[in-house]
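Presented below is the structure to which this report refers.
All values below come from the heavy atoms of this structure, side chains included, with hydrogens, waters and symmetry mates left out. Just follow the structure's listing: the first ligand is 1, and inside any ligand the first atom is 1.
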Amino acid sequence: MKEYKNTQEAVAELKKMQERMAAYSHASGMLYYDSVTGAPKETTEGRGHTMGIISEDSYRILVNEDTPVLLDYLIANNDQLDENTKLEVKELKKDYDETSKIPVDEYVQYSILLNEAENIWHKAKIKSDYAMFEPYLAKIVATTIRFAGYLDPKKKPYDVWLNEFEEDLTMEVADRYFETLRAELVPLIKKVAKSKVKIDDSFSHKNYALNKQRKFSDYIMNVMTIDRDHCAIAETEHPFTINFNKNDVRITTHYIKDNLVSSMFSVIHEGGHALYELNGGDEFMYTCLSGGTSMGIHESQSRFFENIIGRSEGFTGFLYPYLKKLFPSQFKDVTKKMLLLAINKAEPSLIRTEADELTYSMHIMIRYELEKKMISGELSTKDLPAEWNRLYKEYLGVDVPNDKEGCLQDSHWSGGAIGYFPSYSLGNAYSAQMLNAMKKDLNVDALTAKGDLKPIVEWLKEHVHKYSSSKKPPEIIRICCNEDFEPHYYTDYLKEKFSRIYELKD
Ligand code: ZN
């Protein structure tokens, strides 16, 4: 067993371990990125082989007999460590404990189950056959409950999983959040549906040449002050952001010929994720504190740019002359107002990923309620479709015609990601609260209308980005907003905005 002469030696070992972890994550990230961007079709096998070796090795960097000795030594000598090293030790200790609490054979069994479940889910979705997938979901739910007991037997199982995806999130906080949404948004959505304002967005579905859309993406990234020497854009089926380190971030988009706004908002959304990574603190490079702190805070950054900036009246007005020049025939009869209305068209729908800003969180709330009930045992997986359909009717007023467009639409549950959905919606709510705080320092509307996003990016860098993962989500909210998370900023923002767009009175 390893012994350390002094703290200095142990700290050097700790840093070396994290550098190795960062290198493995760089390599496997690059392989993934290559697989969805440049790799030829028939190259899966060799890459899978390499990935298998990389993931096994990277697991062993953390989980081996030396790690607990190292971490215990550093914990015993905690008073000699600087603040960031203390946080690194805490973080790695948590990772190590969690990984080693689940018995290895059960962990392996579960990854085999998830592999099968994902495969079956694909087929079940195509056939719209929930019964095919149900036995797998039942096993996933049972395992999720059992694993929660290993990770933290004192907590309620669903609280354990919420915390896995958004640290310090509990059902108590989430219940209050979703209750606010339900009370405020359900009536608003009904009013919008009855509004006399009918939005015609047919111009955005004309033919938009892909090379011009690519030029538009470059323009957007430039306006967002994204440093292209450190951030590239590629094209993939599903848009995403990946960071290898804070100096090498990649975003992707998907161009659709007869849809101008699809890629436009993907680029703005992923650009928001990219800025968070690019502006992380230098001192966290190659440590476990690098990168965004949570999925919810990450989404707050992407959605801040996508919705709050990107779908605002000011920014639409700013982009309008550029778009009119780039697409003169498609924009011939299009006014600024028509553009604003088209990108803010709100209507209840079936599919989460295509939902508008107003109705989006309702899709999440439905999933939250279902997950909560499945994990508490109140809802059997057999009864999931009926309950799914009932909630879609209640909250969005839509009838679900089949399971493909209903409870089989998302891949998350087949991948075991139970507790993940709420962070998507929390991102929206965080971003609205951040806007409120930012407005105390900046004239956000005036800057947005000029396309001058630099002060906005700088503000976010100072209050969010520069901390990388060294602060937890609730701390980031307090630093940013001088108060705890408050869901009403989000519902206030939506009420104000959509009352204006849809000319609602009262
Ligand atoms: Zn995102």
Problem - CA sep, side-chain torsions, deciding dist, call: His363, Tyr395, ring pair (Phe, Tyr, Trp, His ring centres under 6.0 Å) - result: CA-CA 9 Å; His363 293 264; Tyr395 295 152; over 10 Å; no

Handout entry: Aromatic plane relationship, Phe216 with Tyr322 - under 30° parallel, 30 to 60° tilted, over 60° perpendicular
Key = parallel

Problem - Check ion pair Glu184-Lys495 (N to O, under 4.0 angstrom) - result: yes

Handout entry: Salt-bridge present (Lys246, Glu277; N to O < 4.0 Å)
Key = no

Completion exercise
Sorted by chain and residue number, the ring pair (Phe, Tyr, Trp, His ring centres under 6.0 Å) partners of His412 (sequence neighbours excluded) come out as Tyr420, Phe421, Tyr424

Problem - Sidechain N-carboxylate O distance under 4.0 Å for Asp410, Arg352 - result: yes

Completion exercise
Listing protein N, O or S under 2.8 Å around the Zn ion (ligand 1) gives His269 NE2, His273 NE2, Glu299 OE2

